[in-house]
Amino acid sequence: MMGNDAVTVSSGDDQEKAVPMWLRPIASVKFHGPCDIHLSEKLDFYCRVCMIAVCKGCKKQHDLFEHEMIRVYKVGKDALFKMKDLKSLWNISDIRPHTINDVVKCESCQFRLRSLGAKFCSVECKVEAVMKMNGSGSMKNEAKRKVETISEGSASNVQPFWKRPRQ
């Protein structure tokens with residue numbers, strides 16, 4: 001059983017529409033290795049006409065013949081393309097975009113957030129942002145969250161939970 005977004009390829013013409021000819025060898029191309037001609041250059045471009053990886057030096061030669069080039073970026077061991085470079089060339093709607101160095105930050109203090117859905121790093125920051133939105137201005141320093149410390153005088157009254165009398 002096939003889902004709605006499955007593509008059936010039956011003939012050569014249909015296959016060309018599903019995956020363009022220039023894109024087919026891309027999985028076997030070795031990007032970011034040294035160029036055979038310019039040994040100090042890395043293979044950071046893909047020529048759509050020749051269907052090969054090229055370096056910056058080789059790209060100049062390909063540019064003379066007006067070959068279409070796509071920049072290839074390296075993230076870890078992966079070769080990545082910018083979505084905007086591929087969008088007009090092939091249907092990439094079902095490919096998850098990979099963000100590089102795009103860090104979600106707290107809207108109030110710009111602290112790095114681990115959760116992509118979060119807007120604030122703390123209650124303090126959310127309260128401050130809401131107060132600014134409502135025109136109340138910034139919170140006073142005395143109202144900001146601080147690490148609670150127990151003073152010497154009140155420490156004698158504090159008992160561990162397991163030693164408290166039952167009521």
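These numbers come from a predicted model, not from an experiment.
Between Cys125 and Cys109 the shortest heavy-atom distance is SG-SG, 3.7 Å.
Taking hydrophobic clusters as Ile, Leu, Val, Met, Phe, Trp and Tyr residues chained together by side-chain heavy-atom distances below 4.5 Å, Val72 shares a cluster with Leu89. A continuous path of ILVMFWY side-chain contacts below 4.5 Å connects Met51 to Ile26, so both sit in one hydrophobic cluster. Cluster membership check: Val29 shares its hydrophobic cluster with Ile92, using side-chain heavy-atom separations under 4.5 Å among Ile, Leu, Val, Met, Phe, Trp and Tyr. Hydrophobic clustering, with ILVMFWY side chains joined whenever heavy atoms are under 4.5 angstrom apart, keeps Leu86 apart from Val49.
Not a single salt bridge (Lys or Arg N to Asp or Glu O under 4.0 Å) links Glu107 to another residue, sequence neighbours left out. Residues forming a side chain to side chain donor-acceptor pair (under 3.5 Å) with Asp85 (at least two apart in sequence, or on another chain): none. Evaluation of the side chain to side chain donor-acceptor pair (under 3.5 Å) rule for Gln110 yields no partner, not counting sequence neighbours.
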Sequence neighbours excluded and cut-off under 3.5 Å, please list the side-chain donor-acceptor pairs for residues 36-47, or say none.
unit_1 : atom_1 : unit_2 : atom_2 : d
Asp44  : OD1    : His32  : ND1    : 2.8
Tyr46  : OH     : Trp22  : O      : 2.5

What donor-acceptor contacts under 3.5 angstrom involve side-chain atoms of residues 54-67, with partners at least two apart or in another chain?
unit_1 : atom_1 : unit_2 : atom_2 : d
Lys59  : NZ     : Asp63  : OD2    : 2.9
His62  : ND1    : His67  : ND1    : 3.1

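Proximity of Phe31 to Asp78: side-chain heavy atoms (C-beta onward) are nowhere separated by under 4.5 Å. At least one side-chain heavy atom of Lys82 sits under 4.5 Å from a side-chain heavy atom of Tyr73.
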#### Entry: Criterion side-chain contact (heavy atoms from CB on, under 4.5 Å) on Ile70 and Arg48, from CA distance to verdict
CA-CA 7 Å; Ile70 301 173; Arg48 287 185 51 213; 3.7 Å; yes

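Atoms SG and CD, on Cys106 and Glu128 in that order, are 9.0 Å from each other to the nearest 0.5 Å.
Under a 4.5 Å side-chain heavy-atom cut-off, the cluster of Ile, Leu, Val, Met, Phe, Trp and Tyr residues that includes Phe120 has no other member.
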